Amino acid sequence: MTGARKLRLGVNIDHVATIRNARGGDHPDPVRAAEIVALAGGDGITAHLREDRRHIRDDDLARIQAATSLPLNLEMAATDEMVEIALRHRPHAACIVPERREERTTEGGLDAAGQHDRLTPIVARLADAGIRVSLFIAPEMRQIEAALRLGVPVVELQTGEYAHAEGERRATELARLAGMAALAAKNGIEPHAGHGLTFENVAPVAAIPQLAELNIGHYLIGEAIFTGLDAAIRRMRAAIDAACAVPA
Ligand code: PXP
């Protein structure tokens with residue numbers, strides 16, 4: 001694997017909290033999952049503090065930060081409440097996501113182009129605090145252009161359309177992701193990607209040479225039920241590394 005590109009794997013541990021919350025107690029603890037991510041070769045912890053707290057809760061943030069030295073990527077809506085929380089906890093990164101209470105998961109991407117004025121002060125406050133700001137956007141040129149205008153260092157490309165597409169449409173969606181990753185990188189923005197990635201569909205995305213990080217959650221936590229979290233992460237890590245080892 002000499003000279004192979006290293007693509008970071010951020011593990012989203014929200015759904016450990018979802019299972020815990022189903023009974024309202026302390027088990028399973030997302031902090032224990034964060035510790036396993038570190039041992040299994042994950043490069044970061046991703047967690048979404050939603051307005052309705054259906055995933056992690058406020059107290060989880062500090063506990064996760066205390067338990068692991070891995071960088072924390074806090075997914076958050078563009079609200080004053082979340083900005084205040086991010087400023088208190090100072091995660092390594094904050095990924096601004098669209099959020100609607102009635103959705104089952106984060107649907108689509110953030111309309112960075114349509115929300116420039118609302119996002120400008122939020123991005124500035126987070127960046128001033130030393131937090132690496134990312135925008136979770138659809139792989140569209142106008143959203144990359146909006147990210148450039150906002151001056152963010154990172155975009156995370158929403159891979160949901162790719163993950164759900166079949167046949168030729170999947171190839172089209174993959175080409176769109178590759179094109180927008182290249183456009184972002186050419187303009188000095190570090191592209192990340194995530195949503196709906198699995199053992200089966202991760203390799204073509206991981207092979208996009210400009211991508212620096214993938215964030216993967218639901219599938220890994222689902223697989224963990226059958227194989228354990230450590231094994232699921234190791235298998236995903238190996239699939240990503242194998243895809244990166246293939247010359248572009
Ligand atoms: N990246 C972002 C910004 C997300 O909102 C999510 C889902 O919470 C993910 C990655 C992970 O998606 P999945 O859980 O489908 O792997």
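Read the numbers this way: they start at 1 and go in the same order the structure lists the ligands and their atoms. Nothing here was measured: the structure is a model prediction, and the numbers come from that model. Side chains are part of it too, since the values below use all heavy atoms of this structure and drop only hydrogens, waters and symmetry mates.
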* To do: Carefully, step by step, assess E156 and N215 under the rule side chain to side chain contact (heavy atoms under 4.5 Å, CB included).
  => CA-CA 9 Å; E156 181 168 329; N215 283 298; 3.0 Å; yes
* Is it the side chain (CB and beyond), the backbone, both or neither of E75 that lies under 4.0 Å from ligand 1, heavy atoms counted? -> side chain
* Per-residue contact class, H15 against ligand 1 - non-hydrogen pairs under 4.0 Å -> neither
* To do: Might you confirm whether atom CZ of R53 has over 12 heavy atoms from other residues, nucleotides or ligands at distances under 6.0 Å?
  => yes
* Six-ring centre of F199, R235 cation under 6.0 angstrom, axis tolerance 45° -> yes
Check whether any N or O atom of [X], backbone or side chain, sits under 3.5 Å from an N or O atom of ligand 1, and answer yes or no.
| X | value |
| --- | --- |
| F136 | no |
| G196 | yes |
| H218 | yes |

* Roughly how far apart are R169 CZ and H164 NE2, rounded to 0.5 Å? -> 10.5 Å
* Asked: Under 4.0 Å between a Lys/Arg side-chain N and an Asp/Glu carboxylate O for R63 and D60?
  -> yes
* Structure fact -> Quick note on ligand 1: atoms under 4.0 Å from a heavy atom of N215 include exactly 10 (C), 11 (C)
* Structure fact -> For N12, the ligand 1 atoms with a heavy-atom partner under 4.0 Å come out as 8 (O)
